[in-house]
Amino acid sequence: MKPDICTSLYCSPPNQHCPDCSHAIYHGEVVSQDRTYRFEFSPQFGVTFLTVMGTHRQVQPAENNPVWDKFEKWRKGKFQCQAM
């Protein structure tokens with residue numbers, strides 16, 4: 001699976017991306033309670049939810065927010081062949 005962005009000098013073209021690369025950044029979005037949440041996900045740093053403009057939200061969703069269940073579904077679907 002190829003990330004949306006890889007900032008690694010080793011994995012960059014023409015080299016193939018390594019799935020466990022800490023430089024990988026994946027973009028995604030989920031809908032929870034009629035609201036679209038956009039985010040960046042890095043295997044090393046985890047998830048960061050974004051504003052409509054694509055910048056990092058100053059306040060991330062609370063632990064009990066239903067968006068986390070939607071995010072986990074996305075993550076498990078995206079990385080179904082890999083243990084995280």
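Within the structure, salt bridge (Lys or Arg N to Asp or Glu O under 4.0 Å) pairs that include any residue of residues 45-65 do not occur (at least two apart or interchain). Residue pairs meeting the salt bridge (Lys or Arg N to Asp or Glu O under 4.0 Å) criterion with at least one partner in residues 30-39, sequence neighbours excluded, are Glu29-Arg38.
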Query - Chi angles and distances behind the side-chain contact (heavy atoms from CB on, under 4.5 Å) call for Leu50, His56 - result: CA-CA 5 Å; Leu50 307 172; His56 293 187; 3.4 Å; yes
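Judged as a side-chain contact (heavy atoms from CB on, under 4.5 Å), and not counting sequence neighbours, the contacts of Thr55 are Thr51.
Counting only distance, with no hydrogens or angles, the side chain of Gln60 and the backbone of Phe49 share a donor-acceptor pair below 3.5 Å.
Between Tyr37 and Trp68, the ring centre distance reaches or exceeds 6.0 Å.
Closest of all the heavy-atom pairs between Ser32 and Val67 is OG-N, 3.5 Å.
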